[in-house]
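Report on one structure; see the data block that follows.
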Amino acid sequence: MPELPEVETIRRDLLAKVVNKQVVSVEILSNKSAHNPVAFFRRNLIGYSFFDIKRRGKLLIFNISSDKHLLIHLKMTGQLIYVDKKTRLAGGHKLNEGDFVQAVGGELPNRFTRVVIEFKDKSKLFFNDMRKFGYLKIVDETELSRLLNNNYGIEPLTDDYTWNNFKDIFKNRRTSVKALLLNQKVIAGLGNIYVDEALFLSGVRPNRKTNSLKEVEKKILFRMIRQVIKRAIDYRGTTFKDYTDSEGKKGNFSKLLKVYGREGEECCKCKRGIKKIRLAGRGTHYCSYCQK
DNA sequence: GTGTTTGTTATCAA
DNA sequence: CTTGATAACAAACA
């Protein structure tokens, strides 16, 4: 379940690993995963390289050394794992730490590998995706700006993330604060895990209507969202099930989660039980004492 | 066989 | 027109 911190971790890692390396081959093992005709997809990658990697919300944007861009969305179970020549020639992709999660299994490609991009230095980038929700798509400048302009709200780690912009997202809305924060067109990058965490850190119940939040609650939420996102990036993301970084390693933020996945456990503040309900169609975790 | 997991979109309703 | 609520998608696991 890669959200902003996980996608950002992958972006930073891959910047150092694949930028300015020429693509020499592209294997598409599942047509569903590449959202272009196969011939178009291969023709627009082979022979080119990526000169930069950007991110908007949970979407990765690889700038191709042409006028095009490779979009990669991991959705729920997507992974991008990079293996260099040395590791490949060593006869396997197992890490000493034994850190590969189950879905990777230590072997690449594996049965969930959908796309493989090989670079001139014999390194390879594997796109694994158990559930085939994720995708790779090559778009031109026009389509890219259309997508970015229409689908993404304020971005927590940029200069756009100001108190003025944040408080505006509550205007003229009356849904639950959980649904609001999950809406990528309102605020980009949060998913189920970090919404629950940010609301706990702010002492706000997920089912509160957006127009019921007091100014001070919104202010705390504004700060806590940025804080939890930053901390999670510092810890290289959260692995709850399938997420791994570009080396197949798990994220370290999992043990710092206060409510997500902790149904029935003691609240770290008040020692009462963490509750789990269904809200906005999602499993929702909170403390009914600490969150008002 | 059933329920559960979630990012995003489609669809329908208000 | 806008906004919201919900189903659907897909695959695996308990």
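Numbers restart at 1 for each chain; the letters A, B, ... are given by sequence-line order, proteins then strands.
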> Can you list, by residue number, the residues of residues 252-265 of chain A that have a non-hydrogen atom closer than 4.0 angstrom to DNA chain C?
Replying inline: none

> Near DNA chain C, under 4.0 Å by heavy atom, which residues of residues 181-200 of chain A?
Replying inline: none

>> Using the ring-ring contact (aromatic ring centres under 6.0 Å, His included) criterion, which residues pair with Y152(A)? Sequence neighbours excluded.
In response: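 Y152(A) satisfies ring-ring contact (aromatic ring centres under 6.0 Å, His included) with no other residue.
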
>> By the 4.0 Å heavy-atom rule, please label G283(A) as base, sugar-phosphate, or nothing.
In response: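 Sugar-phosphate, no base atom in range.
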
Has [X] got a side-chain N or O lying under 4.0 Å from the OP1 or OP2 atom of [N]?
| X | N | result |
| --- | --- | --- |
| T175(A) | dT3(C) | no |
| R114(A) | dA10(C) | no |
| R278(A) | dG3(B) | no |
| R131(A) | dT6(B) | no |

Rounded to the Å, how far apart are [X] [atom1] and [N] [atom2]?
| X | N | atom1 | atom2 | value |
| --- | --- | --- | --- | --- |
| R282(A) | dG7(B) | CZ | C1' | 7 Å |
| N207(A) | dG4(C) | CG | P | 16 Å |
| N211(A) | dT3(C) | CG | P | 14 Å |
| N172(A) | dT3(C) | CG | C1' | 10 Å |
| K276(A) | dG3(B) | NZ | P | 15 Å |
| K178(A) | dG4(C) | NZ | P | 17 Å |
| L180(A) | dG4(C) | CG | C1' | 12 Å |
| K171(A) | dT2(C) | NZ | P | 18 Å |

>> Can you work out whether M76(A) or N151(A) has the more 5'-proximal nearest nucleotide on DNA chain B?
In response: M76(A)

Going by atom type alone, with no hydrogens or angles, which donor-acceptor pairs under 3.5 Å involve a side-chain atom of residues 183-191 of chain A and a protein atom two or more places apart or on another chain?
from	atom 1	to	atom 2	distance (Å)
N183(A)	OD1	K185(A)	N	2.9
Q184(A)	OE1	G189(A)	N	2.9
Q184(A)	NE2	L182(A)	O	3.1
Q184(A)	NE2	L190(A)	O	2.9

For residues 269-281 of chain A, run the donor-acceptor check on the side chains, cut-off 3.5 Å, and write out each pair with its distance to 0.1 Å, sequence neighbours left out.
from	atom 1	to	atom 2	distance (Å)
K275(A)	NZ	S288(A)	OG	3.3
R278(A)	NH2	G281(A)	O	3.1

>> Show every ring pair (Phe, Tyr, Trp, His ring centres under 6.0 Å) that has at least one partner inside residues 50-69 of chain A, sequence neighbours left out.
In response: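 Listed once each, the pairs are F50(A)-F62(A).
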
> Tell me, which pairs form a ring pair (Phe, Tyr, Trp, His ring centres under 6.0 Å) where one or both residues lie in residues 265-292 of chain A, sequence neighbours left out?
Replying inline: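 Counting only pairs at least two positions apart or across chains, the ring pair (Phe, Tyr, Trp, His ring centres under 6.0 Å) contacts touching residues 265-292 of chain A are Y260(A)-H285(A).
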
> Would K21(A) and D121(A) pass as an ion pair if we require N to O under 4.0 Å?
Replying inline: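 Looking at D121(A) together with K21(A), the answer is yes, because their closest N to O distance falls below 4.0 Å.
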
>> Between D168(A) and K171(A), does any side-chain N to carboxylate O distance fall below 4.0 Å?
In response: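 Salt bridge between D168(A) and K171(A), a charged N being under 4.0 Å from a carboxylate O: yes.
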
Which side-chain N or O atoms in residues 142-150 of chain A pair as donor and acceptor under 3.5 Å with protein atoms at least two apart or in another chain?
from	atom 1	to	atom 2	distance (Å)
E143(A)	OE2	K137(A)	NZ	3.1
S145(A)	OG	E141(A)	O	2.8
S145(A)	OG	T142(A)	O	3.2
N149(A)	ND2	S145(A)	O	2.9
N150(A)	ND2	R146(A)	O	3.2

Identify every side-chain donor-acceptor pair in residues 4-13 of chain A under 3.5 Å, counting partners at least two apart or on other chains, and give the distances.
from	atom 1	to	atom 2	distance (Å)
E6(A)	OE1	E3(A)	N	2.7
E6(A)	OE2	Y194(A)	OH	2.5
E6(A)	OE2	T238(A)	N	2.7
E8(A)	OE1	R11(A)	NE	3.1
E8(A)	OE1	R55(A)	NE	2.7
E8(A)	OE2	R11(A)	NE	3.4
E8(A)	OE2	R11(A)	NH2	2.9
E8(A)	OE2	R12(A)	NE	2.8
E8(A)	OE2	R12(A)	NH2	3.3
T9(A)	OG1	P5(A)	O	2.7
R11(A)	NH1	I53(A)	O	2.9
D13(A)	OD1	R236(A)	NH2	3.4
D13(A)	OD2	R236(A)	NH2	2.4
D13(A)	OD2	S246(A)	OG	3.4

